[in-house]
Chemist: 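Let me give you the structure first, and then I'll get to my questions.
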Amino acid sequence: MIIKVLDGDFSVCQLGGPEGISFADDFLFLGKTDQELSLVCRSETAPDNALAREDGWKAFRIEGALDFSLVGVLAELAGLLARRGISIFAVSTYATDYILVKQEKFSEALAALEQAGHGLV
């Protein structure tokens, strides 16, 4: 797999409503369930009114479109990082998966992926 490192720092937020979300940003994930509203965004655009906020994330994505019939792509990467003691926060889109890792473990995560034969760009 080819892994694309994304520039910038990211935050994971819990929100009370959509106020303050910068929908014009190039990167944001919004998740809503019957229990919460969550946002993953660039740290510099995280809403000031977040109920909770976890900063210090770096991100990468799996390059190319992943077919829905593929099995275990995210599990493989998550397992590889878990064996190194690196926790992740994963989000998926229609086309691919994104993995966020805490900044202090990011270099170690990238080294582990590269050692496992994944290409980094």
Side-chain angles (χ1 to χ4, degrees):
M1 275 182 271
I2 303 298
I3 307 293
K4 166 76 173 164
V5 176
L6 303 181
D7 291 330
D9 298 320
F10 296 87
S11 297
V12 179
C13 305
Q14 185 180 41
L15 305 176
E19 302 80 19
I21 297 174
S22 179
F23 286 99
D25 284 354
D26 68 335
F27 188 100
L28 70 89
F29 290 94
L30 189 60
K32 182 181 181 309
T33 70
D34 63 331
Q35 296 184 342
E36 69 176 304
L37 180 63
S38 294
L39 173 71
V40 179
C41 63
R42 295 193 182 276
S43 295
E44 64 265 17
T45 61
D48 292 332
N49 62 340
L51 302 174
R53 177 176 167 174
E54 179 77 22
D55 294 329
W57 296 92
K58 302 296 272 181
F60 59 85
R61 74 169 161 240
I62 302 167
E63 284 291 87
L66 299 177
D67 188 271
F68 284 112
S69 65
L70 293 175
V71 176
V73 173
L74 187 56
E76 177 192 335
L77 298 177
L80 172 70
L81 296 175
R83 288 188 292 279
R84 301 280 184 114
I86 301 170
S87 62
I88 68 166
F89 187 93
V91 289
S92 297
T93 65
Y94 186 90
T96 194
D97 296 319
Y98 293 76
I99 296 178
L100 289 88
V101 173
K102 289 301 279 189
Q103 186 170 5
E104 59 270 11
K105 293 283 194 170
F106 196 64
S107 293
E108 184 181 346
L110 294 178
L113 293 167
E114 197 166 37
Q115 289 169 3
H118 301 292
L120 300 177
V121 293

Chemist: Decide side chain to side chain contact (heavy atoms under 4.5 Å, CB included) for R42 and F10; before the verdict, give the C-alpha distance in whole Å, the side-chain angles of both, and the deciding distance to 0.1 Å.
Modeler: CA-CA 4 Å; R42 295 193 182 276; F10 296 87; 3.5 Å; yes

Chemist: Search all heavy atoms of F29 against all heavy atoms of T93 and return the closest pair with its distance.
Modeler: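 That would be CE2-CG2, 3.2 Å.
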
Chemist: Test of understanding: clusters of I, L, V, M, F, W, Y form through side-chain heavy atoms closer than 4.5 Å, transitively. Do L110 and I86 belong to the same one?
Modeler: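 The answer is yes; both residues are in one hydrophobic cluster.
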
Chemist: Are the side chains of D9 and D55 in contact, using a 4.5 Å heavy-atom criterion?
Modeler: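 They are not in contact (no side-chain heavy atoms under 4.5 Å apart), so the answer is no.
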
Chemist: Measure the CG-NZ distance between L39 and K32 for me, rounded to the nearest 0.5 Å.
Modeler: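 Nearest 0.5 Å value for the CG-NZ distance: 14.5 Å.
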
Chemist: Could you state whether I99 and L120 fall into the same hydrophobic cluster, counting links through intermediate Ile, Leu, Val, Met, Phe, Trp or Tyr residues with side-chain heavy atoms under 4.5 angstrom apart?
Modeler: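 Same cluster.
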
Chemist: Is it true that the side chains of E36 and S38 contain a donor and an acceptor less than 3.5 Å apart?
Modeler: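 Judged by distance alone, the side chains do pair up.
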
Chemist: Specify the closest pair of heavy atoms between F106 and A59, including all atoms of both residues, with the distance to one decimal.
Modeler: CZ-O, 3.6 Å

Chemist: Using the rule given for side chain to side chain contact (heavy atoms under 4.5 Å, CB included), can you reason through K102 versus E54, listing the C-alpha separation, both sets of side-chain angles and the distance that settles it, and then say yes or no?
Modeler: CA-CA 10 Å; K102 289 301 279 189; E54 179 77 22; 2.7 Å; yes

Chemist: Taking C41's backbone N and O only, do any of them form a donor-acceptor pair with D25's side chain (distance below 3.5 Å, no angle check)?
Modeler: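 Such a contact is absent between D25 side chain and C41 backbone.
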
Chemist: Give the minimum heavy-atom separation between N49 and E19, together with the two atoms involved.
Modeler: ND2-O, 3.2 Å

Chemist: Under a 4.0 Å threshold between the charged nitrogen and the carboxylate oxygen, would R61 count as salt-bridged to D97?
Modeler: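 Not counted as a salt bridge, because no side-chain N and carboxylate O are separated by less than 4.0 Å.
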
Chemist: Are L30 and V91 connected into the same hydrophobic cluster when the rule is that any two of I, L, V, M, F, W, Y join if their side-chain heavy atoms are below 4.5 Å apart?
Modeler: no

Chemist: Given Y98, which partner from the list F27, F60, F89 fulfils the ring pair (Phe, Tyr, Trp, His ring centres under 6.0 Å) test?
Modeler: F27

Chemist: Any donor-acceptor pair under 3.5 Å linking the side chain of K58 with the backbone of G8?
Modeler: yes

Chemist: Can you confirm whether D7 is buried at CG, in the sense that more than 12 heavy atoms of other residues, nucleotides or ligands lie under 6.0 Å from that atom?
Modeler: no

Chemist: Starting from the C-alpha separation in whole Å, work towards a yes-or-no answer on side chain to side chain contact (heavy atoms under 4.5 Å, CB included) for I88 and L77.
Modeler: CA-CA 10 Å; I88 68 166; L77 298 177; over 6 Å; no

Chemist: Indicate the atoms forming the closest heavy-atom contact of L28 with S22, along with that distance.
Modeler: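 That would be CD2-O, 3.2 Å.
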
Chemist: Answer whether the closest heavy-atom distance between the side chains of P47 and R53 falls below 4.5 Å.
Modeler: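 Counting from C-beta outward, P47 and R53 never come under 4.5 Å.
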
Chemist: Do you know the tightest heavy-atom contact between P18 and L37?
Modeler: N-CD2, 3.9 Å

Chemist: Indicate the atoms forming the closest heavy-atom contact of L80 with A116, along with that distance.
Modeler: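 Minimum heavy-atom contact is CD2-CB, 3.7 Å.
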
Chemist: Tell me whether V101 shares a hydrophobic cluster with V12, the cluster being built from Ile, Leu, Val, Met, Phe, Trp, Tyr side chains joined at under 4.5 Å.
Modeler: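 Unlinked, V101 and V12 end up in two clusters.
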
